[in-house]
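Computation of the quantities below employed the complete heavy-atom set of this structure, encompassing side-chain atoms and omitting hydrogens, waters and symmetry-equivalent molecules. Chain letters run A, B, ... following the sequence lines, proteins first and then strands; every chain starts at 1.
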2 protein chains.
Amino acid sequence: MEADETDLDRHPHPHLAVDVALLTLHERALHALLLRRDAAPFAGAASLPGGFVHIDESLPDAVVRVLREKCGLHGVFVEQLFTFGDVGRDPRGRVVTVAYYALVPVAALAAARATGELTLCRLDVPWPQTQGGPVRALDANGKPLRLAFDHDVILGTTVQRLRGKIDYAPVGFELLPPQFTLLDLLEVHQAVLGCPINKDSFRRRLLASGLLAPTGRLRANVAHRPAALFRFRRKGRGKGHA
Amino acid sequence: MEADETDLDRHPHPHLAVDVALLTLHERALHALLLRRDAAPFAGAASLPGGFVHIDESLPDAVVRVLREKCGLHGVFVEQLFTFGDVGRDPRGRVVTVAYYALVPVAALAAARATGELTLCRLDVPWPQTQGGPVRALDANGKPLRLAFDHDVILGTTVQRLRGKIDYAPVGFELLPPQFTLLDLLEVHQAVLGCPINKDSFRRRLLASGLLAPTGRLRANVAHRPAALFRFRRKGRGKGHA
DNA sequence: AAAATAGTGTCTATGAGACACTATAGT
DNA sequence: ACTATAGTGTCTCATAGACACTATTTT
């Protein structure tokens with residue numbers, strides 16, 4: 001950062017955007033909220049909601065604006081993911097995008113999906129464990145959608161990040177309604193990790209984590225013993241490092 | 001990303017830079033390679049090596065160029081850290097920076113430090129565990145240096161990332177020469193984590209990890225039983241998820 | 001009562017911490 | 001021989017998986 005601003009403005013510099021991989025849980029599977037592009041490039045393809053960063057707007061502010069304007073959402077969990085800056089990633093010119101991911105309970109999307117060309121698309125993760133790589137988004141018939149730009153990679157990076165994080169950070173709760181059972185939470189973890197989880201030790205681990213606050217209420221209208229409903233307790237006791 | 005480029009160029013857009021937190025291990029402590037700023041703003045303060053991203057250059061390419069031009073380094077371990085975009089972070093105007101961190105063995109810096117105003121500064125991490133926050137850089141007398149921009153936060157984020165990563169990813173090796181003993185590696189981990197580590201289980205864990213290749217050679221010129229020298233074996237067998 | 005899931009108690013396997021003991025270099 | 005660190009073997013403790021058993025709701 002040696003040159004001053006007057007020097008800089010003589011040269012063209014990259015455009016800066018934010019894109020949001022908005023994930024939720026639907027029918028026990030990860031879904032992404034995508035929108036259908038009308039204009040070129042990638043007309044007809046699906047893309048993440050995104051937008052250019054204004055000159056007087058922080059990156060999180062830009063994300064909040066995009067979520068409000070394009071999805072009608074507010075107050076959702078958002079975290080920075082990665083910045084994608086390959087020279088050829090946008091055929092219109094040089095656009096570097098700071099990708100964020102957002103997690104919401106599917107119920108919060110009811111209003112958003114009614115508005116415009118937003119679609120909830122099931123994700124098909126073609127790699128195991130924490131390996132990584134691009135991810136497919138499927139339409140209602142289970143056929144892979146064409147994804148604009150490098151958005152398949154951004155979605156893949158999101159899943160990879162979630163898989164690495166869910167075991168030690170309280171992110172699973174963001175995909176659930178305020179009250180949920182232990183089985184609900186287990187199914188979130190299974191959907192994210194893409195593999196079955198031991199039920200017994202999951203129960204013990206989560207109950208011991210201090211992240212669950214009992215509500216005293218039970219799940220209603222089930223044809224068997226009802227499960228206890230919990231609430232997410234922010235600020236679990238800091239787990240010291242071994 | 002709805003508007004096309006001709007629309008965009010009518011509006012001023014943020015400048016884009018990369019900054020590199022280059023860390024190494026020296027005297028059993030984490031050090032950062034900083035350079036002294038001559039010009040305003042923050043004249044006289046220490047800053048991370050960095051530079052603006054050219055229009056036809058990817059982000060990793062920009063980092064490689066910065067490391068070469070400003071530090072005389074090449075072939076070092078580099079990873080993207082986080083993107084910092086607060087509106088007021090650069091008094092000259094709107095500059096968003098994609099921060100990277102680099103890890104090098106201290107021996108690789110001999111040439112770099114001779115060139116120009118680069119200084120190796122000991123880091124003082126004022127927070128425990130993986131808590132996070134800004135970090136201080138100390139001069140040769142142990143006094144805190146003034147750090148330019150938000151570079152104290154970038155350095156803090158780097159330490160936080162390393163602490164979270166060193167237990168399951170092979171990053172410690174990047175701070176060591178090609179051949180090293182188990183005690184060398186343990187001291188790297190202790191410097192990064194900022195707390196003592198159990199020697200016995202560290203040995204067992206690392207030997208079982210498949211990341212160490214025995215060289216058959218021994219550390220020479222020590223006044224006690226010499227330790228075996230190991231080499232880092234890339235691509236340890238993938239550890240399956242539980 | 002039957003079906004189905006919730007929740008408890010206990011045994012076992014694995015990995016980390018602790019520590020005693022042996023090994024091998026320089027002085 | 002002495003000192004200092006390298007390296008081995010074993011005991012204990014904490015946690016995860018496995019599984020048997022009990023509990024509680026609707027039909």
Side-chain angles (χ1 to χ4, degrees), chain A residues 28 129-130 163 166-169 172 176-177 179-190 192-231 236-242, chain B residues 28 129-130 163 166-169 172 176-177 179-190 192-231 236-242:
Chain A
R28 297 185 181 175
Q129 319 292 344
T130 54
R163 286 189 176 179
I166 197 168
D167 276 338
Y168 70 92
L176 289 173
Q179 299 197 9
F180 52 86
T181 68
L182 273 168
L183 184 57
D184 293 335
L185 187 57
L186 180 121
E187 284 172 349
V188 168
H189 282 239
Q190 288 186 152
V192 168
L193 295 172
C195 65
I197 294 175
N198 184 283
K199 221 169 167 175
D200 298 316
S201 74
F202 183 80
R203 164 182 293 276
R204 262 178 309 182
R205 189 158 47 94
L206 266 290
L207 288 177
S209 73
L211 292 170
L212 297 178
T215 63
R217 302 182 53 197
L218 301 176
R219 170 77 83 213
N221 300 323
V222 284
H224 50 79
R225 175 173 176 178
L229 286 168
F230 292 90
R231 197 185 297 273
R237 17 190 160 293
K239 326 172 189 179
H241 194 283
Chain B
R28 297 183 182 178
Q129 317 293 344
T130 53
R163 285 189 176 180
I166 197 168
D167 276 338
Y168 70 92
L176 288 173
Q179 298 197 9
F180 52 86
T181 68
L182 273 168
L183 185 57
D184 292 335
L185 187 57
L186 179 120
E187 284 171 350
V188 169
H189 281 238
Q190 287 185 152
V192 168
L193 295 172
C195 64
I197 293 175
N198 184 283
K199 223 168 166 177
D200 299 318
S201 75
F202 183 80
R203 164 182 294 275
R204 262 178 308 182
R205 188 157 48 94
L206 266 291
L207 287 178
S209 72
L211 292 170
L212 298 178
T215 63
R217 301 182 54 196
L218 301 176
R219 170 76 81 213
N221 301 323
V222 283
H224 51 77
R225 175 172 175 179
L229 286 167
F230 293 89
R231 197 185 298 274
R237 18 191 159 292
K239 326 172 190 179
H241 193 283

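B:R203 has its CZ atom 18 Å from the P atom of C:dT22, to the nearest Å. Counting to the nearest Å, the C1' atom of C:dA6 and the CG atom of A:L185 are 15 Å from each other. With rounding to whole Å, A:D167 atom CG is found 14 Å from D:dT15 atom C1'. Computed from coordinates, the A:L182 CG to C:dA6 P distance equals 9 Å when rounded to whole Å. Atom pair B:F202:CZ and C:dG15:C1' shows a separation of 16 Å (rounding to whole Å applied). Rounded to an integer number of Å, the gap from CG of A:N198 to C1' of D:dA20 is 15 Å. To the nearest angstrom, P of C:dA6 lies 15 Å from CZ of A:F180. If you take CZ of A:R204 and P of C:dC11, they are 14 Å apart, rounded to a whole angstrom.
Remark: A:H224, A:R225, A:P226 in residues 217-226 of chain A come within less than 4.0 Å of DNA chain C through at least one heavy atom.
Put simply, the side chain of B:R163 gets close to the backbone of B:V192: a donor and an acceptor are under 3.5 Å apart. No donor-acceptor pair closer than 3.5 Å links the side chain of B:T215 to the backbone N or O of B:R231.
Residues A:F202 and A:L185 are in side-chain contact: their nearest non-hydrogen atoms beyond the backbone lie under 4.5 Å apart. Side-chain contact between B:L207 and B:F230 is present, with at least one heavy-atom pair separated by less than 4.5 Å.
Residue B:K199 places no side-chain N or O under 4.0 Å from the OP1 or OP2 atom of D:dT5.
Heavy atoms only, all atoms of each residue included: B:R205 and B:D167 are closest at NH1-O, 4.1 Å.
A residue-by-residue look at B:L183 and A:R205 shows that B:L183 has its nearest nucleotide of DNA chain D further toward the 5' end.
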Q | Chi angles and distances behind the side-chain contact (heavy atoms from CB on, under 4.5 Å) call for B:L182, B:L212 | A | CA-CA 9 Å; B:L182 273 168; B:L212 298 178; 3.7 Å; yes
Q | Criterion side-chain contact (heavy atoms from CB on, under 4.5 Å) on B:L183 and B:R219, from CA distance to verdict | A | CA-CA 11 Å; B:L183 185 57; B:R219 170 76 81 213; over 6 Å; no
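Side-chain proximity of A:A227 to the nucleotides D:dG7, D:dC19, C:dA6 is greatest for C:dA6.
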